[in-house]
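To start, the structure under review is shown below, and the notes come after it.
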Amino acid sequence: MPRTWWVNHKQTFSQEIKGNYLWSPKRKANGARNPFYDSMRAATPGDLVLSYADGLIRHVGRVVEFAFTAPKPEEFGATGGYWSAVGWLLPVYWVPLAAPVRPRDLIATLRPLLPDKYSPIRAATGHGLQSVYMTAIPQPVFDVVVAAGTAAGSAAFDAGVLQRGGSNSLSYRVVREELDDAVEKRVAADTTLDQTTRDAVIRARRGQGRFRDNVHAVERACRLTGITNPALLIASHIKPWRLCDTAPERLDGMNGLMLTPDADLLFDRGFVTFHDDGRPEVSTRFDKRDLRRLGLGGTAPETLGLWEAQGLSEAQAPYVASGFRPEQCAYMEYHRREVFVA
DNA sequence: CTACGCGCTCG
DNA sequence: CGAGCGCGTAG
């Protein structure tokens, strides 16, 4: 069963509906955890979301993908100027309700259904709460609202949302491509860089050119499979290309791993990261059975069982087992903190 | 349309 | 006690 959520997003409503996403910081301004930001990465593909703004629920959304790390959308403009520059981006496919619903009008019905904690609206008055962003709601709350906003009721609407969202919704791939495109334009127009450097930085986006040579000088094998055949290896940024601050960072061989295509995807997407001693860690969001299907799941899922799978002892697999250099650790710390979906 | 208090809830 | 993607009102 999909989980049901409610998001109060008056300030960014128009941008997030139009763009088919939700965005939030990862932490509060003072660095503390925020349960509503944590909800962003708890959301699972297929979950359903009610959009609340200006006292109205006008859209229902379906979560398309797990949240991933992305810069604050530029279209926010001055809104949320104090929010962090990097946060969670959750792809959500939005569908408008036939008729907008004013929860305040339904408060008598909703009151007994609302959660005691983290309720998105006040039980007494039906007014929205500023402190709440993305919050879990019981299914009956979702059903009451959707039934009030559609002629056919929520079951039929769920089916409609689930079906229509397939073809033209956002995906991590598409969003990353757009973000990369925007960065590439800025690089191409950066007159502080000479032409040769600009070309190298742009080629580094695809793991090609000088960046690949630099990485390959440091890393000879895939950290997950142990494969050394260069034809099977992709030069993958540890700190993502789009989130690097400078050209040297984008070209630094210490900011890369040589990975096979599946490993590159898992690492890039934040489903796998590494500790400084070389141990891989797998996201709790990732189905461990899929690791096995990819040929990565051995007897010890927490270490991926790589050496066992290859019939090696840990000592016999120096590339896979070896720790990172200090320069690599700095980038990997960033990956664990900002990219990894814990 | 943005800006600024005023609230309240929760850590 | 203060942070926070709302509410109401002012310009």
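Please read all numbers here as calculations on a predicted model, not as lab measurements. Proteins get letters first, then strands, A, B, ... in listed order; numbering begins at 1 in each.
Residues A:D194 and A:T197 bring a donor and an acceptor atom of their side chains to less than 3.5 Å of each other.
Under a cutoff of 6.0 Å and an axis angle of 45°, A:R3 and A:F142 do not form a cation-pi pair.
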Which letter, B, S or -, goes with each nucleotide of nucleotides 1-11 of chain C from 5' to 3', with contact meaning a protein heavy atom under 4.0 Å?
-> --SBBBBS---

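With hydrogens and angles ignored, the 3.5 Å screen pairs no side-chain donor or acceptor of A:W94 with any backbone N or O of A:V49. Panel note: side chain A:E65, backbone A:Y172; a donor-acceptor pair is recorded below 3.5 Å.
Aromatic ring pairs are classed by plane angle as parallel below 30°, tilted from 30° to 60° and perpendicular above 60°; the pair A:F76 and A:W23 is perpendicular. Taking the six-membered ring for Trp and thresholds of 30 and 60 degrees, A:F271 and A:F286 have ring planes inclined between 30 and 60 degrees apart. Ring planes of A:F274 and A:F267: tilted class, angle from 30 to 60°. By the 30° and 60° cut-offs, the orientation of the rings of A:Y133 relative to A:Y37 is perpendicular. Classified by interplanar angle (parallel below 30°, tilted 30° to 60°, perpendicular above 60°), the ring pair A:H59/A:F13 is tilted.
Taking 4.5 Å as the limit, every side-chain heavy atom of A:K26 sits out of range of all side-chain heavy atoms of A:D38.
Taking every nucleotide of DNA chain B with any atom under 4.0 Å from a non-hydrogen atom of chain A, the first and last of them, 5' to 3', are B:dG7 to B:dG11.
Sequence neighbours left out, the pairs with a member in residues 236-250 of chain A that pass salt bridge (Lys or Arg N to Asp or Glu O under 4.0 Å) are A:K239-A:D245, A:K239-A:E249.
Secondary structure note: stems in DNA chain B built from 3 or more consecutive Watson-Crick or G-U wobble pairs under 3.5 Å occupy B:1-6 with C:6-11, B:8-11 with C:1-4.
The 5' end of DNA chain B is approached more closely, in terms of each residue's nearest nucleotide, by A:A78 than by the other of A:A78 and A:F36.
Scanning residues 115-125 of chain A for heavy-atom distances under 4.0 Å to DNA chain B yields A:D116, A:K117, A:Y118, A:R122.
Under the rule for a side chain to side chain contact (heavy atoms under 4.5 Å, CB included), the partners of A:P138 that lie at least two apart in sequence or sit in another chain are A:P115, A:P140, A:V141.
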